[in-house]
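The next block holds one structure in the form of structure tokens; read it before the comments.
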There are 2 protein chains.
Amino acid sequence: MFEVFFSHVLKKVSLSEAEKTTIKAFFISKKLSKKQHLLHQGYVCKYMSFVEKGLLRSYHLDENGIQHVTMFAWEGWWTSDIQSFLTGEAATQSIDAIEDSELLMISQADFEAMTLEVPIMDRYFRILFQNSIVTKERRLVSSNTFTAEEKYLQLAESNPEIIQRLPQNLIASYLGLAPETLSRVRKNIALRK
Amino acid sequence: MFEVFFSHVLKKVSLSEAEKTTIKAFFISKKLSKKQHLLHQGYVCKYMSFVEKGLLRSYHLDENGIQHVTMFAWEGWWTSDIQSFLTGEAATQSIDAIEDSELLMISQADFEAMTLEVPIMDRYFRILFQNSIVTKERRLVSSNTFTAEEKYLQLAESNPEIIQRLPQNLIASYLGLAPETLSRVRKNIALRK
DNA sequence: GTAGAAAGTTGATCTGTATCATGAAATAAC
DNA sequence: GTTATTTCATGATACAGATCAACTTTCTAC
């Protein structure tokens, strides 16, 4: 169950067997089948979840009831509404499973306890969050300054797995485009080749 | 010199006097006068810089030579091209001073050394980066889903200091808007009152 | 395998924001 | 204080991408 998890953590920090055992104890596991929700917008996000298997997406529902995909997470990624998880405020996002998934989940209290008991996990998360910031900064530049086609091409370049694994309408939403626009963008790219 | 710095760090973690002394030794200080650059796009970002005093902005120059403001940093904020700082790759951003500024700077090597010698600093940065992620996620949703007016209003709401302290054209760039658009948006808001 | 639903395509039209252009106001430089 | 430079405002126009609509293809469930 913890294979993907530890292989991921060990890429960033070293852990003794004792530490591994300690860490394991803080997590609970959960299976989610396709279309099931992990989190509903408006509720508190009680867990950070590591994806051992499967694929999930986070999305935000606006006042007009339109879904805006904010993130995808598959094997080796974490997912949660961090804001809600940390502060205990209501989540502004929902999370559901796109494929049948297996998760390792840790609560806010256990997260605190774990980092205090195994301080090197602070380092792991510091590095993890650092990388996440880099990604989000890149997405922000892209979102503010690129054309629809440039946004798509950069995504295809930097994150080909998203293109392969997800339906086009969700990719469009993730890029902040209308599905029709993405369809046309892809057509133009194909025509030019 | 370290007043703002430690008052900021101590809001997130506790430090002994000995730890403070250790930490201080890793930093160098630097004064920057208005319009001076801290970092030029294309060069490696050697430091993370904490702003003790003043105001800086980060921006990205696109292929057409147009500046896109990505961040502001004033008293109590960190600034750097994190991607470049961490990986040693060329920076994709420049940073310059909008007001005369005083900085505390730490190199990548000293950053590593400091977190190893004072592990609780990993925790500080973990929390810092967590918060930064929340902010960037909010900006991403805003950028993808809000109208020009909504973007401006949310910024005014969540970050009034930016509105007061920075010229309108830089705010427009930060929001990914043409300066003319922001001018019109502000006019409409004023008219409606 | 078939029916129904969801996702994707393509065309026509509309609209928010960018761009271009010019003048006014504010700031900075001497 | 005057001049030069930068920032801001306002109007006219252009265009990328949204929206609306109809149709086709692909999935899904039984």
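In what follows, every heavy atom counts, from backbone to side chain, and hydrogens, waters and symmetry copies are set aside.
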Hits for side chain to side chain contact (heavy atoms under 4.5 Å, CB included) against Trp77(B), two or more places apart or cross-chain, chain-then-number order -> Ala73(B), Trp74(B)

Among all residues two or more places apart in sequence or in another chain, which pass the side chain to side chain contact (heavy atoms under 4.5 Å, CB included) test with Thr87(A)?
Gln83(A), Glu89(A)

Just wondering, do Asp110(A) and Phe27(A) contact through their side chains at under 4.5 Å, heavy atoms?
no

Would you list the pairs meeting salt bridge (charged side-chain N to carboxylate O under 4.0 Å, His left out) in which at least one residue belongs to residues 159-183 of chain A, sequence neighbours left out?
Glu75(A)-Arg165(A), Glu99(A)-Arg165(A), Glu161(A)-Arg165(A)

Just to verify, what does Tyr124(B) make a side-chain hydrogen bond (donor to acceptor under 3.5 Å, both in side chains) with, not counting sequence neighbours?
His8(B), Trp78(B)

Side chain to side chain contact (heavy atoms under 4.5 Å, CB included) with Ala156(A): which residues, sequence neighbours excluded?
Ile163(A)

Among residues two or more places apart or on two chains, list those pairs meeting salt bridge (charged side-chain N to carboxylate O under 4.0 Å, His left out) that have a residue in residues 20-47 of chain A.
Glu17(A)-Lys20(A), Lys31(A)-Glu102(A)

Under 4.0 Å, heavy atom to any atom of DNA chain C: which of residues 154-169 of chain A qualify?
Pro167(A), Gln168(A), Asn169(A)

Please identify the 5'-most and 3'-most nucleotides of DNA chain C with any atom under 4.0 angstrom from a heavy atom of chain B.
dT17(C) to dA28(C)

Between Glu112(B) and Arg123(A), does any side-chain N to carboxylate O distance fall below 4.0 Å?
yes

Taking the hydrophobic residues Ile, Leu, Val, Met, Phe, Trp and Tyr, and joining any pair whose side-chain heavy atoms are under 4.5 Å apart, which ones share a cluster with Tyr47(A)?
Ile28(A), Leu32(A), Leu38(A), Leu39(A), Val51(A), Leu56(A), Ile95(A), Leu103(A), Met105(A)

Once each nucleotide of nucleotides 14-30 of chain D is scored for protein heavy atoms under 4.0 Å, what B/S/- sequence comes out, 5' to 3'?
---SSBB-------S--

Name the orientation class of the two ring planes belonging to Phe85(B) and Phe111(B) (parallel below 30°, tilted from 30 to 60°, perpendicular beyond 60°).
perpendicular

For the helix from dG1(C)-dC30(D) to dC30(C)-dG1(D), what angle lies between the axis at the first five pairs and the axis at the last five pairs, to 10 degrees?
70°

My understanding is that only residues two or more places apart in sequence, or in another chain, count here; which of them pass side chain to side chain contact (heavy atoms under 4.5 Å, CB included) with His37(B)?
His40(B), Tyr59(B), Ser94(B), Asp96(B)

Check whether any side-chain nitrogen or oxygen of Lys187(B) sits under 4.0 Å from OP1 or OP2 of dA9(D), and answer yes or no.
no

State, with a plain yes or no, whether a side-chain heavy atom of Met1(B) is found less than 4.5 Å away from one of Leu104(B).
yes

